[in-house]
Amino acid sequence: MSKDQELRKSAYEEIEKHQSLVESDPYRLHYHIMPPVGLLNDPNGFIQFQGTYHLFYQWMPYKTDHGAKLWGHYSSEDLVHWTHEEIALTPSEWFEKNGCYSGSAIEHDGKLYAFYTGNVKDEKGNRESYQCLAVSEDGIHFDKKGPVAHLPDGYTAHFRDPKVWKQNGRWFMVIGAQTEDEKGAVALFTSENLMDWTHAGILAGAGQEPLGEFGYMFECPDLFELDGRDVLVFSPQGLEAEGMNYQNVYQAGYVTGTFDPGQETYEHGAFTELDHGFDFYAPQTTLDEKGRRLLFGWMSVPDQNEQDHPTIAYKWLHNMTLPRELTWQDGQLYQQPVQELEALRQGEAVEHQVTLNQESRSLDGVDGKAVELMLSDIDVAEGCMSVAIGGNARILYSRGQQVLTLERQSYVDGTVEKRQVEVPQLDSLRIYVDTSSIEVFANDGACVMTARFYPSVQDTGIRFSSSAAVSFYLRKWNLAKVF
Ligand code: FRU
């Protein structure tokens, strides 16, 4: 049996061996992408290819920890219902033996081209990094072409996560990098034929303007146009917490500016975090056939208490965010759950016109483990209002401080921890609860907060509170279980 066949066989055996345990976990999610067993991290190769959406993912099927990753694969016709496909890539060759790391996919001449990083480590832990290509006719079976882009001078081997696109008839690739003086950077490559790649320099980096000191490594870059501006998304490592910003172990966010494909340069502004919650990293986007810029993120952060998640007892770990549509309106980036997710709604909405005055209460028909809540026309004249989920997570808005807070009980030690973001005025809140995950889209997605949380299994309660007079219109739907 070849190495590839062996790795596939043992991954499928892991799924089978642990399926009933995995599925018995009360914290298993109902409508978020998860691994069938083991650990999932970054979204990879996100593409709509021949009409079908494909989402590949970093997968370690043999344990709930990081290691020599495979590319797992889900496909979907509607971004709601997903089929777990055959394993796309296993780390079977010398140039990827310690992991088929993150990468992207494009369509070319009717084929799907996947670019990914071959991670290699020797016995002493020295790292090598190869940017590899694998081509697929059907989006399922891949033919590995091996390394196509090599590590240029000036960088360490922390060089990974190629994202490829076409512009002005040429191919471009951004790569997450670390320079020799240990500063995070986004490297640019160009190609005429997808096989031969030339290093064109650093597109954005720590230690250069306008970012300045900005950490020691950038992961998972993604450069794309959004309503006339060029957005560069990346995940920097090594930032210090600063007020409400950069509270997680590592960050994920974006800068905007102008990419000049002829000069191969990028002028850009300051960095903004994409998500202000606890668990969001390594997002990746694609442009779909409807012309929408869609994003998936990994709902976790590397090295952030990963081994303390209770799901580990059930042999699985981590999940994706919901698919989000990105738009740019009035000088601001918006992220909204894709419209297709309305198909998850079961039956009619429960609706209430709610007024609260220094009280805390539940509302008829408003509870559940897998629900969507839409609070609109929010009026907090003074004081605070809050929504508490399962006695564990709480979304709190303070009119006086103009701050939106997401609190949860830590799954490590039970203490209450929080993430915060400035919101001058709160008009709407759309909240997706899925047994052990919460995604909050404030003001039509101008501000997003994402987290895992672990409420007690019997607690389906949702409570609304205020410290002064508050009113809003509430709609609530139960959401379907599609996983
Ligand atoms: C980001 C990351 C990538 C790497 C992958 C390995 O979470 O560290 O830089 O390619 O995960 O699984």
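Counting convention: from 1, in listed order, for ligands and their atoms alike.
Here is the list of ligand 1 atoms found below 4.0 Å of a heavy atom in Asp161: 3 (C), 4 (C), 9 (O), 10 (O). The Ser102 neighbourhood of ligand 1 comprises atoms 5 (C), 10 (O), with distances under 4.0 Å to a heavy atom of that residue. Close approach of ligand 1 to Tyr281 (heavy-atom distance below 4.0 Å) involves ligand atoms 1 (C), 7 (O).
Salt bridge annotation for Glu128-Lys121: absent, with no cationic side-chain nitrogen under 4.0 angstrom from a carboxylate oxygen. A salt bridge links Lys144 with Glu96: the closest approach of a Lys/Arg side-chain nitrogen to an acidic carboxylate oxygen falls below 4.0 angstrom. Salt bridge status for Glu340 with Lys290: present, with a side-chain N to carboxylate O gap under 4.0 Å. A salt bridge does not link Glu325 to Arg293: none of the charged nitrogens lies less than 4.0 Å from a carboxylate oxygen.
By the 30° and 60° cut-offs, the orientation of the rings of Trp59 relative to Tyr57 is tilted. In this pair, His199 and Phe189 present their aromatic rings tilted. The plane angle is within the 30 to 60° band.
Given atom 2 (C) of ligand 1, the protein heavy atom at minimum distance is Asp42 OD2, 3.3 Å. For atom 8 (O) of ligand 1, the nearest non-hydrogen atom of the protein is Glu219 OE2, 3.0 Å. Counting only heavy atoms of the protein, atom 6 (C) of ligand 1 lies nearest to Gln58 OE1, 3.2 Å.
Residue Asn41 places a heavy atom less than 4.0 Å from ligand 1.
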